[in-house]
Structure formats: C-alpha cells, structure tokens
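Each remark here refers to the structure printed beneath this line.
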Amino acid sequence: MGRFRDPQDPLFQAINSSIAFDYRLAPYDLEQSLAHSRMLARSGIISAEDLAAIERGLDAVRREIEEDRFTVRPDDEDVHMAIERRLTEIAGPVGGKLHTARSRNDQVATDVAMLVRAHSLGARELLRDLMGTVVRLAERHLDWPVPGYTHLQRAQPVYLSHHLLAYFWKFRRDLQRFNFCMTATDDLPLGAGALAGVNFDTSRMFVAQELGFGGIAENSLDAVSNRDFVLDYLAAAATCATHLSQLGGEIVLWSSQEFGFCEVAEAFSSGSSLMPQKKNPDAAELLRAKAPRVVGRLVALHGVLHGLPLTYNKDLQEDKEPLFDAIDTLELCLRVASAMLEGITFDRERMAAAASDEFIAATDVADLLVRRGVPFREAHTMVGGVVRAAADQGKRLSELTEEELRAIAPPLDGEFYELLDQSSWLESKVSEGGTSLARVREQLAHARHVLDEPRS
Ligand code: ARG
C-alpha cells in the first residue's frame, strides 16, 4: 500500500498511532488470530498448510513479545498491524492470508472485549480477597462497641464488626457489577468485518467457542461500534473505587488523634520529614483520592461515544487509555485496601469510651417512653428536653434527678437509670440487619456463605 501513498507526516503519526498503549492487547490479538485462522482453514478459506505456517509464525511472534524481543516500527500504526507485519516477515506472504474475512474494526472490538472480560474476572478475584479480609476483621472485633454516626455526629452505638461488614455488602454489589461485565462481553464481535459482514461463509460460532464467548453479536453494525462493555467495566470500577475511597476516608478520619480509633501499620504509612511525632495514613488518603480519577475515565468515554454515528469511527481508539488506566488504578487500590486492612489495629478503649457517651442512648430512652404508651413523636420531643436539660447543666443523663426527669418526661422512672447503666443499647437492636450480636452473627454467616458461592 505504501507505494501508492506519500509518507505520513510525523505529527499525523503522533495523533493517529495507538501502538504506544494498545500493545497491551497483544496476547488477546494473538489468541484471536489463532482462532480466526483455524476457522478459515475449517471453512476451506485457507489450506491446512497455510494454517500450519500461520500458527508457527504467530507462535514465533508470541515468543518475541513475551521475551521482550519484539521491535515496533515507526509505521506500525497499532498492535494489530505490528503483529501482522511481523508475522509476514517470519512466515512469508502466507502471513497476509491471516486478515482474510476480518477487518481491524471487528478485530479491535474483539480484543477489547477479551481484555475487559479478563480484567472483570481479575476484579472479582481481588474483591473476593478484600471481602475475605473484611470478614476476618469483623470476626476479630465482633463485640467491640463503637459509635455509629450520621452527619458525622455520634448517633447510636454499633459493634465494630457491624460497621466493617457494611463495606462487605458494598463490595458484594461491586462483585455483582463485574459479573454483569461478563455478560456484557459475551457476544463475539469478530466476523462483522469492517461493518457489513464479510464475503465468506465464516463460522463465527466456532471462533466464539474457541475464545470463550457465549454467542455472536447479531448485528454487524452494532458489533463494530459497540463499546458498552467498556462503559460497563468503567462504571463498575468507578463505583468500586468510590467505595474504596469511602473506606480510605474513614480510616483517615479514624486514625486522626481526634478520633484515635485505629492505626494503620507502619508499612502503609509515612512519617513527616519535619515532625517526628507524625504517622500519616498515606495509603488510605490515596484510596480516598483515586476514585475521581476512575470516575473521570468513565466520563471521558461517555464523551467519546456521545453522538457518534454508526459505525466504526477513529474516535473509538480513545476507548483504550481510559480503560487501561482505570484497570491499573482499580486493581492497585483493591490490593492496597486488602493489605492495609490486614495490618490495621483498633483501639478498643477509645472506641468504647466514645460509644458509651450517654447522649447516644437518647433513642433508647424514647423507646422506653413508647413502651409506656407515649406516641413516638411525643417521646422524641420529651427526650430532646431531657438531653437539653442535662447538657445545659453540664451533666450526664444519669446525673439528672428523678424530679428533674419527671418535670420534663413524666412517665420516666427508675428504669431510665437502669437503661443507662446496662449499656444495653447495642443488644436492643434486635431487628434483622441490626447491630445486636445475634444479628451480626447471622450476617457473618451470610457473608461467609457469599464467599463460598461458586465463582460462576
Ligand atoms: N487502532 C485502532 C483502534 O484502536 C484499530 C482499528 C482501526 N480501524 C481503522 N479502520 N482504522 O480503534
């Protein structure tokens, strides 16, 4: 083709070439090319000898890539052209037969679908590891009281196990989102050709089976323009990274001197170059900060796809860098979150002291009134008065006298003091999904069960 064309402007090459990043597709491209050439031979489109030569040549290319001996040439526009060029150098003109009944348009869509599938599986494995870590951490801190918060104000005490398991279920939903990515990548694009189909009666189902796809894309125009599976991966990754960011943010807060609830292991923190007393939770801070970057990759691809007419447009080459960066960022964050949680320590006394703040029992006092027949709304107002009376006098709730109590909330009696004394606020949360120990044990059993589920 070069004979008929003027050499390309280097600036054009700079914007047009994708080899600098799409080399990551190489293993999938080789696998795909093997399956495609086997199909061509089975369908009588190339001979058995051609197939054997192509297979040997592709194997040689694969070894060069794996052993880092593969050299890219300046006019290798992308990984697909580079591999085919090298195949032809090694195997001779027969290498040129590989691209029969195929276009780079269906080829690249197939490679990307294969890569998304591999990394969805990878994310699922990493999520399972992290969920296992969370469950073990919850088991080790089953009955450690800690304040539960709303608006970052102490609200009601919970067990630390319950608090930690909240993240387990967030990660469970992430896992389900990556499961969906497996479905989204199940239809083979290959065989769609450039856009309209190809001039040979190929067997797409054979290729699908060779490559582990469940079926074939029904419409050739859709097949070459579809990048939904990249959006799906990025959306799953963005939500997952956001959960990791919430976890990171909470660890940053909890490891501050003001909270003093937890401490991140030395291996995941840094000291200050100036202030010798400091131990900074850097890894948690970075978990907190990485999420918007992944979300940004999702938004970037939505921007690329927005308003694109059918079918393949070069714009679609811009799917790769956001995807690759999101994959690398998410996989790193998942590994870091697991390892950091393995080494985290909690301060039982600090948390217990914060959780035994009597004001936190206000809801329980209100419920005591409810059991005495007071409508909840009225009880809520009465307890608000009790809390204010205590706060105004700088007293704990239990330091209020019975007279003071009765003046504000007449139905209250000695049981008020028992309730505060018992510290029974946690064990009273007996509803399903609540924090009482029996319920947390149930929850742990369910979580264990999720981890034991077969990996479909
Ligand atoms: N490098 C291209 C991409 O990533 C491959 C497809 C090129 N197809 C084409 N008709 N130029 O999208």
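Both counts, for ligands and for their atoms, begin at 1 and track the order of listing. FYI, side chains are in, hydrogens and waters are out, and symmetry mates aren't considered; it's all heavy atoms of this structure.
At a cut-off of 3.5 Å, with distance as the only test, no side-chain donor of D75 or Q8 sits close to an acceptor on the other residue. No donor-acceptor contact under 3.5 angstrom links the side chains of D129 and S338, judged on distance only. R102 and S33 share a donor-acceptor pair across their side chains, judged by distance under 3.5 Å alone.
Every pair passing ring pair (Phe, Tyr, Trp, His ring centres under 6.0 Å) that includes a residue from residues 93-148 is listed here, sequence neighbours excluded: H141-W144, H141-F346.
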Please give the N or O to N or O pairs under 3.5 Å between ligand 1 and the protein, distances rounded to 0.1 Å.
| from | atom 1 | to | atom 2 | distance (Å) |
| --- | --- | --- | --- | --- |
| ligand 1 | 1 (N) | S18 | OG | 3.2 |
| ligand 1 | 1 (N) | D78 | OD2 | 2.9 |
| ligand 1 | 1 (N) | Q317 | OE1 | 2.7 |
| ligand 1 | 4 (O) | K320 | NZ | 2.5 |
| ligand 1 | 8 (N) | N105 | OD1 | 3.0 |
| ligand 1 | 10 (N) | N105 | OD1 | 3.1 |
| ligand 1 | 12 (O) | Y312 | OH | 2.4 |

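Salt-bridge annotation for K170 and E250: absent, with no side-chain N of the basic residue lying under 4.0 Å from a carboxylate O of the acidic one.
Here the closest heavy-atom approach between residue D232 and residue A184 is recorded as OD2-CB, 3.3 Å.
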